[in-house]
Number of protein chains: 2
Amino acid sequence: MGFPETFKALSDPVRREILILLKDKKLSAGDIGKHFDMTGATISYHLSQLKKAGLLFETKYKNLHLLRN
Amino acid sequence: MGFPETFKALSDPVRREILILLKDKKLSAGDIGKHFDMTGATISYHLSQLKKAGLLFETKYKNLHLLRN
DNA sequence: TTTCTATTTAGAAATTTTTCTAAATAGATA
DNA sequence: TATCTATTTAGAAAAATTTCTAAATAGAAA
């Protein structure tokens, strides 16, 4: 995750747009995809680049049952 | 010369290295080339990219005759 | 001016990146 | 569990970028 890799990840306009979309809200891969005229596979590729560069986290909302405690 | 173009120009490691070389001294295209294992044509290409992005100036030391005034 | 050296340009080859399709996997819902 | 939807992976195609060679141009020096 050095500087050149980070720079490379940021050098693509689609990936910069994705980061902007995620600035203030969490979005699923599918919701991100709706903002672009690309296949889900391509979106997935860009997300993987951003993750590799450490510019993106993944929060899993599993099928949790919330319980009163 | 917008942001995306500037970013793109900076996204290449060779071009970043060229900018670092030029940080504190003026160098000819040939002298820049000596730092890399590339042909002069390739260096010229990178210099043109940097110029296009406005990240580089060109100072011409023409065959001037300095005169006392 | 003529010649020598440096740089740029044109066009092709090589490499890298982006994108897609199809298939596989993962996750959610009935 | 079985099925439906979402996401990822694999591999190929398309597009963009980097690099080279050869030729042209520009600049400097004799």
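So that the names make sense, note that chain A is the first sequence line, chain B the second, and so on, each numbered from 1. Worth saying up front: this structure is predicted, and the values here are computed from it rather than measured.
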Base, sugar-phosphate or nothing for A:Ser28? Non-hydrogen atoms, less than 4.0 Å. sugar-phosphate
Go through C:dC20, C:dT8, C:dT18 for me and flag the one nearest to the A:Thr39 side chain. C:dC20
Output yes when at least one side-chain N/O atom of A:His46 is less than 4.0 Å from OP1 or OP2 of C:dT17, else no. no
Can you give me the bend angle of the helix from C:dT1-D:dA30 to C:dA30-D:dT1? Use the axis through the first five pairs and the one through the last five, nearest 10 degrees. 30°
On the nucleotide D:dT8, are OP1 or OP2 found under 4.0 Å from the side-chain N or O atoms that A:Lys51 carries? yes
What distance do B:Glu17 atom CD and B:Leu22 atom CG have between them, rounded to the nearest 0.5 Å? 10.5 Å
In Å and rounded to the nearest 0.5 Å, what is the NE2 to CD1 distance from B:His46 to B:Ile32? 11.5 Å
Assess whether side chain to side chain contact (heavy atoms under 4.5 Å, CB included) is satisfied between B:Leu27 and B:Ile18, documenting all intermediate values. CA-CA 10 Å; B:Leu27 292 169; B:Ile18 289 174; over 6 Å; no
Counting heavy atoms from C-beta on, name the nucleotide in C:dT19, D:dT9, C:dT9 closest to the side chain of A:Tyr45. C:dT19
For A:Ala41, answer base if it contacts any base atom (sugar-phosphate contacts may also be present), sugar-phosphate if it contacts only those atoms, and nothing otherwise; contact means non-hydrogen atoms under 4.0 Å. base
Counting any heavy atom closer than 4.0 Å, what does B:Gly30 reach on the DNA or RNA strands: base, sugar-phosphate only, or nothing? sugar-phosphate
Would you say A:Val14 and A:Met38 make side-chain contact, with heavy atoms under 4.5 Å? yes
Whether A:Thr42 contacts C:dT19 is assessed here as follows: a side-chain N or O lying under 4.0 Å from the phosphate OP1 or OP2. Is that the case? no
Under-4.0 Å side-chain N/O to phosphate OP1/OP2 contact, A:Lys8 with C:dT16: no
Side chain of B:Ser44: nearest nucleotide among D:dC20, C:dT9, D:dT8? C:dT9
